[in-house]
Amino acid sequence: MPEGHIIHRLARELRSTLGTRPVEASSPQGRFASGASLIDGERLLDAEAWGKYLFAEFSGAQTLHIHLGLIGKLRRRPPDLPAGDTIRLRLSGGGVCWDLIGPARCDLISPTDRDEIIAGLGPDPLRRAARPEQMRERIRHSAAPIGALLLDQRVVAGIGNVYRAEILFTCGIDPHRPGRSLSEDELTLIWEETVRLMRIGRRLGRIVTTDPAEIGRPSGRMRDDERLYVYHREHCRRCGSRIETTSLGGRRIEHCPNHQR
DNA sequence: CCATCATGGATAT
DNA sequence: TATCCCTGATGGC
């Protein structure tokens, strides 16, 4: 589920639903019991996303750091649902309940730790003040394949395995090309496409990269098999060519040999 | 019932 | 590059 678009959406939803009233915090599973007790009764002052990292600031000088990893979920659920033993953290207040399940990280951290995490990340395409030249600079000087670079959170923050495959498709770029072989125009295009596609994902709550005019249906109403061009597909959504599957950055990636040379 | 896999990343080797 | 962690959906028996 979680690439950067989901984390940004969650930050926004946490702010709007938990507001600044005192929040009830618990760890039904018990693995975050001490942390939850420090948050319990405090107010959520802010929640924000940096790439795939989520930081929630609570009164009492507590910063909650959440990373969902591959399988983690943060879901809004009906209040007073029985708490199973996989719920690491439950936040509730004002009739709203959020359950955190299977996170890679869930800790209380210091402001310094938070700053260090953020400092280690590349520009986040969903943040207004992002500096795309930092991403371009890191790609321009690297011999690594662009497909690996887009997954590296130090290069650009928030892209995951679905977006990297789809962004490179809409840009018409072969994932195996070394970063330093890309032209300035291609680097600019990659950033613009990333911003465009991830904003759509944040708005819809799911990844849709196909062109509504091409599919003949608004992005919000597309069937699952209409949403993507190449990711985990056997044939290119646009031309029907057989998709090629390789491995880059330790993860599987697909590309269309016809559209991405 | 069990094995496998997944939109991630830290750590060991 | 390999291994591990965290959970749940899926598909094969």
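Owing to the predicted nature of the structure, the values given are computational and were not obtained by experimental measurement. In what follows, every chain begins at residue 1, and chains take the letters A, B, ... in the order their sequences are listed.
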Task: Pair E192(A) + R196(A), salt bridge at N-O below 4.0 Å - done: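 Salt bridge flag = no for R196(A) with E192(A).
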Task: R90(A) and E24(A) ion-paired at < 4.0 Å - done: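 Salt bridge flag = no for E24(A) with R90(A).
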TODO: Applying side-chain contact (heavy atoms from CB on, under 4.5 Å) between E166(A) and each of V230(A), I159(A), T210(A), T194(A), report the one that passes.
DONE: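 Of V230(A), I159(A), T210(A), T194(A), side-chain contact (heavy atoms from CB on, under 4.5 Å) with E166(A) is met by V230(A) alone.
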Between [M] and [N] - [atom1] atom distance, rounded Å:
N	M	atom1	answer
dC5(B)	dT3(C)	P	15 Å
dT4(B)	dC4(C)	P	14 Å
dT13(B)	dC5(C)	P	14 Å
dC6(C)	dA12(B)	P	16 Å

Under 4.0 Å between a side-chain N/O of [X] and OP1 or OP2 of [N], yes or no?
X	N	answer
Y53(A)	dA10(B)	yes
K52(A)	dT7(B)	no
H67(A)	dG9(B)	yes
T86(A)	dG8(C)	yes
H232(A)	dC5(B)	no

Open item on the list: Does the Lys NZ or Arg CZ of R88(A) fall within the cation-pi geometry relative to F32(A) - under 6.0 Å from the ring centre and within 45° of the axis?
Closed with: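 No, R88(A) does not lie over the aromatic ring of F32(A).
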Which part of the nucleic acid does [X] contact within heavy-atom distance under 4.0 Å: base, sugar-phosphate only, or nothing?
X	result
G160(A)	sugar-phosphate
R31(A)	sugar-phosphate
R252(A)	sugar-phosphate
Q29(A)	sugar-phosphate

TODO: Specify the residue among I71(A) and R105(A) whose closest nucleotide of DNA chain B lies further upstream toward the 5′ end.
DONE: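 Final value for this comparison: I71(A).
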